[in-house]
Amino acid sequence: MRILLVGGGGREHALAWKLRQSPRVDRLFCAPGNAGIAALAECVETPADDVEGLLTLARKERIDLTVVGPEAPLCAGIVDRFREGGFRVFGPDKEAAELEGSKVFCKNLLRRHAIPTADFRVFQQARDAYSYLRSAAYPLVVKADGLAQGKGVSICATPAEAETAIRAMMEEKVFGAAGNRIIIEECLVGPEVSVLCFTDGQSILMLEGAQDHKRLEDGDRGPNTGGMGAFSPAPALDPHTRGIIEEDILVRVVHALRVENRPFKGILYAGLMLTRNGPRVLEFNVRFGDPEAQVLLTRMRCDLVSLMEATLEGKLDQVDVTWDARPAVCVVLASGGYPGKTEKGVAIEGLTDAVLAPDVWVFHAGTARARDGRVVTTGGRVLGVTALGKDLAEARDRAYQAAAKISFAGATFRTDIARRGK
Ligand code: AMP
Ligand code: GLY
């Protein structure tokens, strides 16, 4: 089988690593990939959001299955275009991907189907949002409607903070058209977990829990990022809570999408807060998380291609997922300045040494190979150092020991990944 993997971040490196192990895979292509993925796949320089370019590539390389990592091409309709072209592709179509592409759509869907989430209001005009601030309870949460790379959420303790967030989104357009509409919602408290499932639009197959760390700095301080680290399983997720999440949230949202004529096939990712009143949806993503994929896929023991095919064929009820019982921890090394402006082209040392120990992986995100052969940074999140251990503490120690062997100028990382079990 000839597979095309779309994307070039840490999640896609983990996907490439896992797909490579499948006996079903003969050739693996990746667009655009990165320096790490290049060791596992034939990288082609087509950007992940160039849907027409990717379709041309799929025709040229006679691709049997396309796997889409990031949300942008899914929300742009890559699945619809590939299907029209006669290609098999893993992921939701454009209408189903709106669950992530528009928080307004997502929240209204949850409300229509009484799926537990924070209470909210939608605003189309900045002046209406400002006037609501006078009567609102604090803290509250301001969210841009559209895609903003995990950065479009502000938790505001005062009206002044909320006003700044609204101005940035709706008037200064820091997230572009993603800020044309905003949501202001109730601030929830509790541990946060990520629960992902495969779904064929009918059945769901839940994966083990994971937790990520979205804030830049230790102790959950500093700005929100795409994710500074992750671990799996999630100690906060007991079997009873898992059952509630499965029945009251995942099964119901899959059903809601089906009855609204947007059947969802692919990976459905629920970002949840475990509140005193039970689990509540913070957001849905329509793909693997990054860096959740790094910790889930290194623990997954079964064949990923078979799970993806069962999803596409509507046979998820006939398969199962098997897991390594050992926990995994992923520590992200980011460029200095992230999530703001970052330097590029900084040489990375120690990559070979870092993976000498067994069950340790360095998944590349923002890396490229320079002309002189050295691996250099391309900005943002750079590497996801991932390790298994007999327990969470050992997995964490092993990931940090490996990370300590790697250096590049300006590298920043959190020192408390998986430390509290959140
Ligand atoms: P989201 O992109 O919607 O998952 O939001 C990013 C992060 O903001 C989440 O991981 C939470 O930590 C936080 N967040 C989002 N919505 C809420 C909420 N209603 N209450 C408290 N924190 C929230
Ligand atoms: N780690 C959060 C995300 O992938 O959106």
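Both counts, for ligands and for their atoms, begin at 1 and track the order of listing.
- The aromatic rings of His213 and Phe231 are tilted relative to each other, their planes meeting at an angle between 30° and 60°.
- Partners of Tyr132 under the ring pair (Phe, Tyr, Trp, His ring centres under 6.0 Å) rule, at least two apart in sequence or in another chain, are Phe123.
- When all heavy atoms are compared, the tightest approach of Ile182 to Ala144 is CG2-CA, 4.4 Å.
- A search for side chain to side chain donor-acceptor pair (under 3.5 Å) contacts involving Arg242 returns nothing, not counting sequence neighbours.
- By the neighbour-count criterion of 12 heavy atoms within 6.0 Å, atom CD of Gln149 is sparsely surrounded, having that number or fewer from other residues, nucleotides or ligands.
- Classification of Arg24 and Glu309 as a salt-bridged pair holds, one side-chain N sitting under 4.0 Å from a carboxylate O.
- Taken to the nearest 0.5 Å, the CG atom of Asp145 stands 6.0 Å off from the CD1 atom of Ile183.
- A salt bridge links Asp324 with Arg301; the closest basic N to acidic carboxylate O contact falls under 4.0 Å.
- Annotation: ligand 2 has protein neighbours Asp212, Gly226, Tyr269, Asn285, Arg287, Gly289, Asp290, Pro291, Glu292, each with a heavy atom less than 4.0 angstrom from the ligand.
- Between atom CE of residue Met228 and atom OG1 of residue Thr415 there is a gap of 10.5 Å, rounded to the nearest 0.5 Å.
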Which protein N or O atoms sit under 3.5 Å from any N or O of ligand 1? Give atom names and distances.
unit_1, atom_1, unit_2, atom_2, d
ligand 1, 2 (O), Glu283, OE1, 3.2
ligand 1, 3 (O), Lys103, NZ, 3.4
ligand 1, 3 (O), Lys143, NZ, 3.1
ligand 1, 4 (O), Glu283, OE1, 3.4
ligand 1, 4 (O), Glu283, OE2, 3.0
ligand 1, 10 (O), Glu192, OE2, 2.4
ligand 1, 10 (O), Lys214, NZ, 3.1
ligand 1, 12 (O), Glu192, OE1, 2.5
ligand 1, 12 (O), Glu192, OE2, 3.3
ligand 1, 16 (N), Lys143, NZ, 3.0
ligand 1, 16 (N), Glu185, OE2, 3.4
ligand 1, 19 (N), Glu185, OE2, 2.7
ligand 1, 19 (N), Glu186, O, 2.9
ligand 1, 20 (N), Leu188, N, 2.8

